[in-house]
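Since the structure comes first, as structure tokens, the remarks are kept for the end.
Start at 1 and go down the list; that is how both ligands and their atoms are numbered.
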Amino acid sequence: MFRFNFDVEDDTTNVDHTTQNKGPDSMQAVVPDTFTELFLVDVLNSLPSKISYSPITIPLASGGELSLPRRDLFDARFQLISQHADDPDALEQSSISARPALHFLDAPSDLVPLVYEGGLKTWECSLDLASYLDGISSQFDVSGKRVLEIGCGTSIPSLYILHRIFSSSPSQNQTHIHLQDYNASVLELVTIPNIILTWYSPLELNISEGLKDAFHQSLMTYGLHLRFFSGSWDTFDLRTSGGSYNLVLTSETIYRMESLPSLATIMRGACNAEGPKDVYDYLCLVAAKVLYFGVGGGVEEFVRCVRDLDKGGTVDTVWEKTQGVERRVISVRWN
Ligand SMILES: C[S@@+](CC[C@H](N)C(=O)[O-])C[C@H]1O[C@@H](n2cnc3c(N)ncnc32)[C@H](O)[C@@H]1O
């Protein structure tokens, strides 16, 4: 068990590299989850009638702060338990996402490779990335573009983008925002609820049929197309997701050496570096700790991986914090 400090809320993040202690699946071999699309309409229909949330504050590069609503984890826990209230044994025996999700909702910092990868919590570099996006918002307009957030978890950078879109006038442009997380349960329990809350967050959010209709109507009005993909990076299918993107974002995803090649490969493919630059111009941004103690990953290892990849790329630091635990936002240009 390795422990290092890279969390917004506490300093008890664990990455388990042993075959022991794999939470509810400890006695089974780990078979990676494969690429799967989750449909917004299905997830909306599975949500409880009420959702509770608390604000998270993003310091903005342009000065000031932005407060975004984020679903409470205790509320997600309540949802899972209520869904299985009629048959508690079903939860215990479930082979689908509910059982591990319940375990990790209680210990969201305990990362277990290819079982649970930390998406239930908000990690601090995601705030750096949102803040950086704020700083470049006058130069890079996402309207009409294709955006992919890889390893989104609570999806703070995408929430920042959506907040901007929902705060501006509707546009004729069609904007595609795709979110990927290893765990389908993370997309169901936090990512999608957070998106609805970013659209509308009264004191108490009632997920009525009328609210769902209004949400779909708003997405159409703003030309927004949201898609959600779960599963391991090495199974991500760019053809299914519709090809290359103009903005590729990821935060706190370069902590594990073994995953770096598949992460770099997906990023490279998503940026379609071989396309004509005037059509396929892109921004590819990674927010991360410089070093993930005890796990081996970090900026240096990621840069080496990018450089060594077939038709690799180069990396520039576009933002950094050098005091305390060092953090960076880096921009990747693919060859
Ligand atoms: C520590 S969490 C960071 C979540 C979020 N980006 C943030 O900063 O708050 C790491 C994320 O990377 C994703 N991830 C890690 N390894 C992965 C893998 N091998 N395949 C797919 N996703 C992976 C998980 O989805 C997880 O949400």
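Close contacts between ligand 1 and Gly231 involve ligand atoms 21 (C) [criterion: under 4.0 Å to a heavy atom]. The ligand atoms of ligand 1 that sit less than 4.0 angstrom from a heavy atom of Gly119 are 27 (O).
With a 4.0 Å cut-off on non-hydrogen atoms, Ser259 touches ligand 1 through its side chain and not its backbone. With a 4.0 Å cut-off on non-hydrogen atoms, Asp234 does not touch ligand 1 at all. Contacts of Asp181 with ligand 1, taken as heavy-atom pairs under 4.0 Å, involve both backbone and side chain.
In the candidate list Phe229, Tyr292, Tyr116, Trp233, Trp233 is nearest to atom 20 (N) of ligand 1, counting heavy atoms. Nearest-residue assignment for atom 4 (C) of ligand 1 (options Trp123, Phe35, Phe236; heavy-atom criterion): Trp123. Proximity annotation for atom 5 (C) of ligand 1: of Ser262, Cys152, Pro113, Cys152 comes nearest, heavy atoms only.
By the 4.0 Å heavy-atom criterion, Gln180 is counted among the residues contacting ligand 1. In this structure, Val186 does not count as a contact residue of ligand 1, since none of its heavy atoms falls inside 4.0 Å of the ligand. The closest approach between any non-hydrogen atom of Glu258 and ligand 1 is not below 4.0 Å. Taking a 4.0 Å cut-off on heavy atoms, Leu114 registers as neighbouring ligand 1. At least one heavy atom of Tyr255 sits less than 4.0 Å from an atom of ligand 1.
Using modelled atom types and a 3.5 Å distance limit, the side chains of Asp134 and Tyr160 yield a donor-acceptor pair. No side-chain N or O of Glu149 forms a donor-acceptor pair with one of Ser155 less than 3.5 Å apart. Side-chain contact of Ser185 with Asn183: a donor-acceptor pair under 3.5 Å is absent, judged by distance alone. Inspection of the Asp181 and Ser230 side chains reveals no N or O donor paired with an N or O acceptor under 3.5 Å. No side-chain donor from either of Arg227 and Gln180 sits under 3.5 Å from a side-chain acceptor of the other. For the residue pair Thr253 and Thr250, a side-chain donor N or O sits within less than 3.5 Å of a side-chain acceptor on the partner.
In this structure the side chain of Ile150 reaches within 4.5 angstrom of the side chain of Leu148, judged on heavy atoms.
Judged by a 6.0 Å distance limit and a 45° cone about the ring axis, Lys145 is positioned over the six-membered ring of Phe140. Relative to the six-membered ring of Tyr245, Arg146 meets both conditions, a distance below 6.0 Å and an angle of at most 45° to the axis.
Between the side chain of Tyr116 and the backbone N or O of Leu120, at least one donor-acceptor pair lies under 3.5 Å.
For the pair Thr122 and ligand 1, the shortest N or O to N or O distance does not fall below 3.5 Å. Residue-to-ligand polar distances keep Glu149 apart from ligand 1: every N/O pair is separated by 3.5 Å or more. Taking only nitrogen or oxygen atoms, main chain and side chain alike, Thr154 does not reach within less than 3.5 Å of ligand 1.
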